[in-house]
Undergrad: 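Sharing a structure, written as structure tokens. Questions coming.
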Amino acid sequence: MNRYETVFIMTPVLSEEQAAETVDKFKKFLKGKGAKIKHEENWGLRKLAYPIQKKTTGFYQLLEFEAPGEAIGPFETEFRRDERILRFLTTAMDKYHVQYAESRRNKAKDKKEKSSEAKAEA
Amino acid sequence: MSEEIRYLNPIDIETKQEKYCRFKKHGIKYVDYKDADFLLKLCNEQGKLLPRRITGTSLKYQRKVAQAVKKARHLALMPYVADMLK
């Protein structure tokens, strides 16, 4: 079981629910292959640095998961088959990447706690 | 009458600031392809990668930066070609 991280971009034409639905579709696919989703992030609608398929914005989604190696091939063909996905990138995570991801998550959590405390005081 | 030429104020020879590898110094072990603004610091206005002789990064981390920038470009987090990026 290796650690992988996938970032993919969905076309902006989708509504929020359709975007969430495509994400669930891929998560179900992964679970079907015996993978465990460690962390996921939705960056929402973001401007692209250059137009892809004539679109200048896209829904970004990050999925960090642990999966057997054989699951990645079919996972990527699933991406290629789905026309709602503009672009995807799966990277294997070495130990430094894993440490970095964890520290990034803690930082995000602290920020959230801080902001929630600030709101509580205000 | 070989009077030396005395300068009014001492000429300040431009002291060469010691270049260092920012990854070794701050102990950064992994270059993340997702935060584009850090990678932009290592690119020029056209979005091209700065050479090692200017940034001073060591070869090992320059390769990691190059891979990260290419992944960021693939995911449209960074442009392939840009003008006045900064």
Side-chain angles (χ1 to χ4, degrees), chain A residues 2-12 26 38-65 72 76 79-80 84-108 111, chain B residues 17-86:
Chain A
N2 324 339
R3 286 285 287 267
Y4 296 98
E5 185 182 60
T6 311
V7 181
F8 56 93
I9 313 173
M10 289 171 272
T11 115
F26 284 106
K38 288 278 174 209
H39 175 65
E40 53 172 293
E41 270 171 37
N42 186 350
W43 300 346
L45 198 64
R46 263 178 76 136
K47 228 179 102 35
L48 302 179
Y50 52 88
I52 304 177
Q53 293 173 11
K54 308 289 185 300
K55 299 181 179 62
T56 54
T57 55
F59 285 104
Y60 276 77
Q61 174 70 29
L62 168 91
L63 274 181
E64 199 186 315
F65 55 95
I72 298 303
E76 297 222 318
F79 271 121
R80 286 193 190 89
R84 289 168 296 193
I85 304 287
L86 291 184
R87 196 154 285 186
F88 62 93
L89 175 73
T90 315
T91 37
M93 294 172 77
D94 60 5
K95 65 180 186 331
Y96 296 125
H97 190 168
V98 171
Q99 280 163 12
Y100 176 82
E102 249 121 44
S103 68
R104 185 164 173 259
R105 236 175 283 151
N106 306 347
K107 240 176 271 156
K111 226 184 289 157
Chain B
Q17 210 242 342
E18 187 48 49
K19 272 207 195 78
Y20 59 86
C21 169
R22 59 166 66 202
F23 297 97
K24 265 197 214 139
K25 193 152 193 232
H26 305 310
I28 307 168
K29 280 270 191 270
Y30 173 73
V31 183
D32 191 18
Y33 61 90
K34 293 191 290 297
D35 58 358
D37 36 19
F38 174 72
L39 295 175
L40 278 181
K41 285 196 202 110
L42 297 159
C43 298
N44 65 6
E45 302 85 36
Q46 293 163 355
K48 294 156 91 171
L49 259 171
L50 285 173
R52 283 178 57 217
R53 66 172 189 277
I54 297 187
T55 53
T57 50
S58 58
L59 177 57
K60 176 181 172 184
Y61 290 103
Q62 179 78 4
R63 286 196 185 122
K64 289 186 186 214
V65 165
Q67 286 307 319
V69 164
K70 284 166 193 167
K71 283 181 186 152
R73 286 178 180 157
H74 175 70
L75 279 175
L77 299 171
M78 275 176 69
Y80 280 94
V81 166
D83 43 4
M84 278 328 291
L85 204 61
K86 292 278 166 14

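Bear in mind the structure is a predicted one, so any value in this text is a computation, not a measurement. Residue numbers start from 1 in every chain, and the chains themselves are labelled A, B, ... in the order their sequence lines are given, proteins ahead of strands.
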Undergrad: Is A/E41 salt-bridged to A/R104, cutoff N-O under 4.0 Å?
TA: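 Salt bridge flag = yes for A/R104 with A/E41.
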Undergrad: Tell me, for A/I52 versus chain B, whether the close heavy atoms (under 4.5 Å) come from the side chain, the backbone, both or neither.
TA: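 Answer is side chain: those atoms of A/I52 sit under 4.5 Å from chain B.
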Undergrad: For A/L86, is it the side chain, the backbone, both or neither that has a heavy atom under 4.5 Å from a heavy atom of chain B?
TA: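 Neither part.
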Undergrad: For B/D35, check side-chain contact (heavy atoms from CB on, under 4.5 Å) against everything at least two apart and list the hits.
TA: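 Listed in chain order: A/Y100, B/D32, B/D37, B/F38.
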Undergrad: Taking only residues two or more places apart in sequence, or in another chain, which ones meet B/K71 in a side-chain contact (heavy atoms from CB on, under 4.5 Å)?
TA: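 Listed in chain order: A/L89, A/T91, B/Y33.
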Undergrad: Can you tell me which portion of A/F88 sits under 4.5 Å from chain B's heavy atoms? Options are side chain, backbone, both or neither.
TA: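 For A/F88, the contact with chain B is made by the backbone alone.
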Undergrad: Going from CD on B/Q62 to CD on B/Q67, what distance comes out if it is rounded to the nearest 0.5 angstrom?
TA: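 Between atom CD of B/Q62 and atom CD of B/Q67 there are 11.0 Å.
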